[in-house]
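Every value quoted in this text rests on a predicted model; they were computed, and no experiment measured them. Side chains included, hydrogens not; waters and symmetry mates left out as well; all remaining heavy atoms used.
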Amino acid sequence: MPMEAPDAARLVSESVLAGVDLPPVSFSLREALLRGIPVLGTPSVVAIGAFDGVHMGHRELLRSARADAEERGCPFVVVTFDPDPARVLAPERHGEELLCHEDRLRALSTIGALASCSLAFDAAMASMRASDFIDDILIPLLAPVSVHVGSDFCLGAGGEGTVSALAAIGRARGFDVTGHDLVVDGGVPVTATRIRGLLGEGRVAEAARLMGRHHFVRGQVLHGRGEGHTFGFPTANVTSDLEACLPADGVYAGFVRSGSEAWPAAINVGAPPSFSGPRTSFLEANLLGFEGNLYGAEVEVVFADWLRASRRFTSLSELAHVVRGNIDWVHDNLGGSVVGVRA
């Protein structure tokens, strides 16, 4: 049975964070300095981290920090970094982003933080001593009474600011530090790196379980080669941000959302091997129940399930037959018509 329209709408809305606003107070360090510090003017409970993906492990840490803030009667503030420090410190090992920075802030707001502070992470910040970061930025800005981080968190030049080192600094400055153990699923810690690895293997459903929502990428619809229309399948050719984390090349079932509407779709990731010529887009999505023109539109592409690996076909008729089968699967499992979602 295909997914009911309300369930499809909920899947898309929760995945793309539709209708989710930034925290009531959201600011960069530069904005804070221009406005004068301290921003909140009252002691606060602070959670610090990159939080890429805001996955189930992050959410557990953030819920604990929020509970601590409620018990102390203090504001709960999230401090994060843009870009992810790993992108600056180890670009050769860091994968693409699970969420762009603004989407990360929006996802963080669902945890109930009063404010989010975005710190520009560059070589200068990377070279700061942990104690200098705390004395020159954290204390003047947020007057922490309690700081929450992951057990593998490090702050400051050379990673000197381990949890134990931060706890010692906190004792001297009058605030508590809590290092949270990583959430384990199936005997393996839940991390953004693990989720990127699952996406890199096409295991989008397993990645969704660890994130608590289905993975999506943002992009713009461009003119493509037109083969989809030749086969009778409305096709959206989507180019995405180069920093977005695309799943492995292959064909997926999912949705394409534009504004308040979303369409079930069979989504091809990667250059279709049956056609020669330069790659014109990262994604090609065959939309079910679509009529109209999306050229130039900004869309979100949601990945729900893996369908098949990419392969070369011997003829256009064979290709059309296989694509028709992919679309039938989407129709039978996700639905065949547009669904309304929150804009």
Derivation and outcome, side-chain contact (heavy atoms from CB on, under 4.5 Å), residues Leu166 and Ile134: CA-CA 9 Å; Leu166 293 177; Ile134 290 170; 3.8 Å; yes
Using distance only, find each side-chain donor-acceptor pair of residues 145-160 under 3.5 Å and give its atom names and separation, not counting sequence neighbours.
unit_1	atom_1	unit_2	atom_2	d
Ser146	OG	Asp68	OD2	2.6
Ser146	OG	His148	NE2	3.3
His148	ND1	His180	NE2	2.8
His148	NE2	Asp68	OD2	2.7
Ser151	OG	His180	O	3.4
Glu160	OE1	Arg129	NE	2.9
Glu160	OE1	Arg129	NH2	3.3
Glu160	OE2	Arg129	NE	2.8
Glu160	OE2	Ala130	N	2.7

Quick check: do [X] and [Y] have side-chain heavy atoms less than 4.5 Å from each other?
{"X": "Val45", "Y": "Arg72", "answer": "yes"}
{"X": "His215", "Y": "Leu199", "answer": "yes"}
{"X": "Leu98", "Y": "Arg196", "answer": "yes"}
{"X": "Val221", "Y": "Asn237", "answer": "no"}
{"X": "Ser131", "Y": "Arg173", "answer": "yes"}
{"X": "Asp332", "Y": "Pro2", "answer": "no"}
{"X": "Leu11", "Y": "Val302", "answer": "yes"}
{"X": "Val341", "Y": "Val16", "answer": "no"}

Parallel, tilted or perpendicular, as decided by the 30° and 60° cut-offs, for the rings of Tyr252 and Phe303: perpendicular
Once rounded to the nearest 0.5 Å, what's the spacing between atom [atom1] of [X] and atom [atom2] of [Y]?
{"X": "Arg59", "Y": "Ile111", "atom1": "CZ", "atom2": "CD1", "answer": "4.0 Å"}
{"X": "Glu206", "Y": "Arg194", "atom1": "CD", "atom2": "CZ", "answer": "6.0 Å"}
{"X": "Phe51", "Y": "Ser116", "atom1": "CZ", "atom2": "OG", "answer": "11.0 Å"}
{"X": "Asp132", "Y": "Ile137", "atom1": "CG", "atom2": "CD1", "answer": "9.0 Å"}
{"X": "Asn268", "Y": "Ser310", "atom1": "CG", "atom2": "OG", "answer": "5.0 Å"}
{"X": "Phe216", "Y": "Met211", "atom1": "CZ", "atom2": "CE", "answer": "9.5 Å"}

Would [X] end up clustered with [Y] when hydrophobic side chains under 4.5 Å apart are linked, directly or stepwise?
{"X": "Leu17", "Y": "Val54", "value": "no"}
{"X": "Leu61", "Y": "Leu182", "value": "no"}
{"X": "Leu99", "Y": "Val20", "value": "no"}
{"X": "Ile139", "Y": "Met128", "value": "yes"}

Residues Thr193 and Thr191: side-chain donor-acceptor under 3.5 angstrom: no
Donor-acceptor side-chain pairing of Thr80 and Arg104 below 3.5 angstrom: yes
Carboxylate-amine/guanidinium proximity below 4.0 Å for Asp176 and Arg171: no
Salt bridge flag under 4.0 Å for residues Arg106 and Asp103: yes
CA sep, side-chain torsions, deciding dist, call: Val217, Leu283, side-chain contact (heavy atoms from CB on, under 4.5 Å): CA-CA 10 Å; Val217 297; Leu283 310 170; 3.7 Å; yes
Arg218 and its salt bridge (charged side-chain N to carboxylate O under 4.0 Å, His left out) partner, picked from Glu298, Glu300, Glu97: Glu300
Side-chain donor/acceptor of Ser13 to backbone N/O of Arg10, under 3.5 Å: no
Non-hydrogen atoms of Val183 and Gly57 that approach each other most closely: CG2-CA, 3.7 Å
Residues which pass ring pair (Phe, Tyr, Trp, His ring centres under 6.0 Å) with Phe175, listed by chain and number, not counting sequence neighbours: none
